[in-house]
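Worksheet for the structure shown next.
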Protein chains: 2
Amino acid sequence: MANVSSVFTALSDPTRRTVLERVAERPRSVGEIAGTLPVSRPAVSQHLQVLKAAGLVVDEVQGTRRIYRIDPAGLGTVRAWLDRFWDEALEAFKADIEAQRGTDS
Amino acid sequence: MANVSSVFTALSDPTRRTVLERVAERPRSVGEIAGTLPVSRPAVSQHLQVLKAAGLVVDEVQGTRRIYRIDPAGLGTVRAWLDRFWDEALEAFKADIEAQRGTDS
DNA sequence: ACTATCTGTAAGTGTCTGCTTACGGTTAAG
DNA sequence: CTTAACCGTAAGCAGACACTTACAGATAGT
């Protein structure tokens with residue numbers, strides 16, 4: 001599953017966002033991603049697990065290596081939350097202006 | 001300033017998102033928000049500081065109390081990052097399909 | 001079978017985080 | 001000036017987090 005908290009937490013770390021961008025460019029293996037980053041390979045593996053739990057990537061075993069690709073689900077939940085929140089804020093703004101118009105001098 | 005990491009970190013905590021939603025409904029004081037939540041007032045104050053540092057709320061002193069309202073800047077940075085990332089991913093998908101079409105049997 | 005490659009996982013560590021209670025500071029009211 | 005209301009901040013603590021090294025498992029090639 002991919003709740004909102006897990007997605008935001010996954011996207012909050014800069015290294016993890018870089019890992020996600022590498023995967024977004026094209027499907028990559030763990031070692032290939034770790035080669036371009038200043039952290040160890042297990043660190044990348046753990047980051048990928050967090051991204052996978054958040055529904056941001058999916059993995060597929062290919063022989064001895066494991067290929068990760070983008071999963072649109074996670075980004076979808078972020079966009080959905082953002083849209084809903086944006087609508088709520090706009091509605092509140094409208095109600096606020098309405099109230100101000102009523103009590104204005 | 002409101003960089004991407006700070007915004008995502010601010011939105012990753014459920015309590016903090018609830019605080020933000022309370023503020024989004026209408027401008028509120030710290031004590032008013034704390035009254036509707038199962039955490040202490042200083043906790044809410046600290047949450048509001050994080051939200052303010054992320055550019056998600058702005059504060060204004062009104063006598064003895066401090067009113068917080070929504071700041072669209074933070075949500076804007078999230079939306080911008082999301083849009084840019086979405087475009088990148090789409091472009092990568094297109095390039096991937098193009099490559100597959102070239103090497104397909 | 002043996003070896004090399006690629007990866008996940010366990011264990012440990014320093015740092016950050018979310019929360020609490022205690023305290024001090026500022027403003028409005030008597 | 002004293003009092004009450006409202007708030008931020010300091011100090012402390014349990015848990016989470018990002019990272020490392022060491023180890024174990026699975027697959028491809030010889």
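If you're wondering where the values come from, they're calculated on a predicted model, not measured in any experiment. Below, chains carry the letters A, B, ... as their sequence lines are ordered, and counting in each starts from 1.
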Can you find a side chain N or O atom of [X] that sits less than 4.0 Å from OP1 or OP2 on [N]?
| X | N | answer |
| --- | --- | --- |
| R41(A) | dT7(C) | no |
| S40(B) | dT20(C) | yes |
| S45(A) | dT7(C) | no |
| Y68(B) | dC6(D) | no |

Would you kindly give the [atom1]-to-[atom2] distance between [X] and [N], to the nearest whole Å?
| X | N | atom1 | atom2 | value |
| --- | --- | --- | --- | --- |
| L37(A) | dC19(D) | CG | P | 10 Å |
| L51(A) | dG8(C) | CG | P | 12 Å |
| D13(B) | dA16(D) | CG | P | 13 Å |
| E60(B) | dT26(C) | CD | P | 20 Å |
| K52(B) | dC7(D) | NZ | P | 14 Å |
| R17(B) | dG18(C) | CZ | C1' | 14 Å |
| D59(A) | dC6(C) | CG | C1' | 14 Å |
| R65(A) | dA26(D) | CZ | C1' | 14 Å |

[options]: which one has an atom nearest the side-chain heavy atoms of [X]?
| X | options | result |
| --- | --- | --- |
| Q46(B) | dT20(D), dC19(C), dA5(D) | dC19(C) |
| V30(A) | dT9(C), dT20(C), dT7(C) | dT7(C) |
| S29(B) | dA11(C), dC7(D), dT21(C) | dC7(D) |

Handout entry: Along DNA chain D (nearest heavy atom to each residue), the more 5'-positioned of P42(A) and R66(B)
Key =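 By nearest-heavy-atom nucleotide position, the 5'-most residue is R66(B).
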Problem - Between S5(B) and R17(A): side-chain donor-acceptor atoms closer than 3.5 Å - result: yes
Exercise for the section: Using a 4.0 Å heavy-atom cut-off across all strands, classify T9(B) as base, sugar-phosphate, or nothing. Expected result: nothing
Electrostatic pair [X]:[Y] at N-O distance under 4.0 angstrom:
| X | Y | value |
| --- | --- | --- |
| D59(B) | R65(B) | no |
| E32(A) | R41(A) | no |
| R66(A) | E60(A) | no |

Exercise for the section: Determine yes or no for a side-chain-to-main-chain donor-acceptor pair under 3.5 angstrom, with R22(B) supplying the side chain and I33(B) the backbone. Expected result: no
Problem - Donor/acceptor link under 3.5 angstrom from T64(A) side chain onto base of dT5(C) - result: yes
